[in-house]
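Since the structure comes first, as structure tokens, the remarks are kept for the end.
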Amino acid sequence: MIIAVLMAGGKGKRMNINIEKPLFKFFDKYLIDHVLDNLKGSKYLDKIVIAVSPHTPETKKYISEKFSNNKNYTDNKNYNNKNYNDELYNQNYHDKSNIYSEKLFNYLETPGNGYVEDLSFILSHFEKKSSDDILLFINADLPFVSTDIIDHILEKYMKNNVDAMSVLVPVSIFEEYGIEPSLILDNLVPAGLNILLSRNKVQNEEKLIIPQIELALNINTTDDAELAYYLFKNNQIHQI
């Protein structure tokens, strides 16, 4: 089973606004909805889980209401709200007719103690269900990572005999567009998108380097949002 885990529990302090970052309006649409729609279009994903925390109570409320009110937020069938809870997920976890062919949505509450700590919590959560699921982690501040990019990354992962894959962008892309990277490792910048098996342990990892501006545009600050808007209006990034 391939599950997308949308990380939406960070404090988002760098935005310096009185709004939770996943609910920041970007092109008249919440950041989290850009990412959800791109994930929803994937031909490989079986389920999408939004990871929230005590830092994002409004995000939790928003997605909870969104899924309970929109029974058509799956690709192939209508589901009652009861289909979105973990109890049903546990009962039907190995039933492909009920789970595997559908885009089911759910949210998972994490402690919110930091990215690494929450990642460990999430891995343990899924490991209790199965240690063989593929988890695609993506941050809620990546509105330009399209469905095509997501599927390209998943295809690369599935062709390699590794447990994990990290996606990185050359620092030259950041320099070209005047973006300040948050972390540089050997002239590469983590894109905020990783793939891991559902096992809470150190995993053999392959690096996937993609020199695309779309993966470099984390909306961490309002300046990032302004730059992204400018690049979009000047046709330097793909349509969202």
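Residue numbers start at 1 and run along the sequence shown. In this text the structure is predicted, and so the values were computed from the model without any measurement.
- At a cut-off of 3.5 Å, with distance as the only test, a side-chain donor of Thr59 or Glu20 sits close to an acceptor on the other residue.
- Between the side chain of Asp118 and the backbone N or O of Gly112, at least one donor-acceptor pair lies under 3.5 Å.
- For the residue pair Asn38/Ser146, the side-chain donor-acceptor check at 3.5 Å is not satisfied.
- The closest side-chain heavy-atom distance from Asp37 to Lys29 is below 4.5 Å.
- The main-chain N or O of Pro111 is never found under 3.5 Å from a side-chain atom of His55 such that the two would form a donor-acceptor pair.
- Around atom CG of Asn234, more than 12 heavy atoms belonging to other residues, nucleotides or ligands sit under 6.0 Å away.
- If you check the side chains of Asp33 and Tyr62, you find a donor sitting under 3.5 Å from an acceptor.
- Leu185 and Tyr115 end up in different hydrophobic clusters when Ile, Leu, Val, Met, Phe, Trp and Tyr side chains are linked at under 4.5 Å.
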Verdict with supporting geometry, Ile138 and Val5, side chain to side chain contact (heavy atoms under 4.5 Å, CB included)
CA-CA 6 Å; Ile138 184 170; Val5 181; over 6 Å; no
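- A donor-acceptor contact shorter than 3.5 Å links the side chain of Gln203 to the backbone of Leu197.
- In this structure, Phe232 and Phe144 have tilted ring planes: the angle between them lies in the 30° to 60° band.
- Taking both residues in full, the closest heavy atoms of Val35 and Asn139 are given as CG2-O, 4.0 Å, listed atom of the first, atom of the second, then distance.
- Between Lys21 and Asp141 a salt bridge is recorded (basic side-chain N to carboxylate O distance below 4.0 Å).
- Side-chain contact between Lys47 and Asn106 is present, with at least one heavy-atom pair separated by less than 4.5 Å.
- Residues Asp151 and Ser42 bring a donor and an acceptor atom of their side chains to less than 3.5 Å of each other.
- A heavy-atom distance below 4.5 Å is not found between the side chains of Val162 and Glu205.
- Both tests pass for Lys25 against the ring of Tyr30: distance under 6.0 Å to the centre and angle within 45° of the axis.
- Here the side chains of Glu117 and Thr110 are not in contact, with every heavy-atom distance at 4.5 Å or above.
- A 4.5 Å side-chain heavy-atom check between Leu168 and Val189 finds every atom pair outside the cut-off.
- A donor-acceptor contact under 3.5 angstrom links the side chains of Tyr44 and Glu155, judged on distance only.
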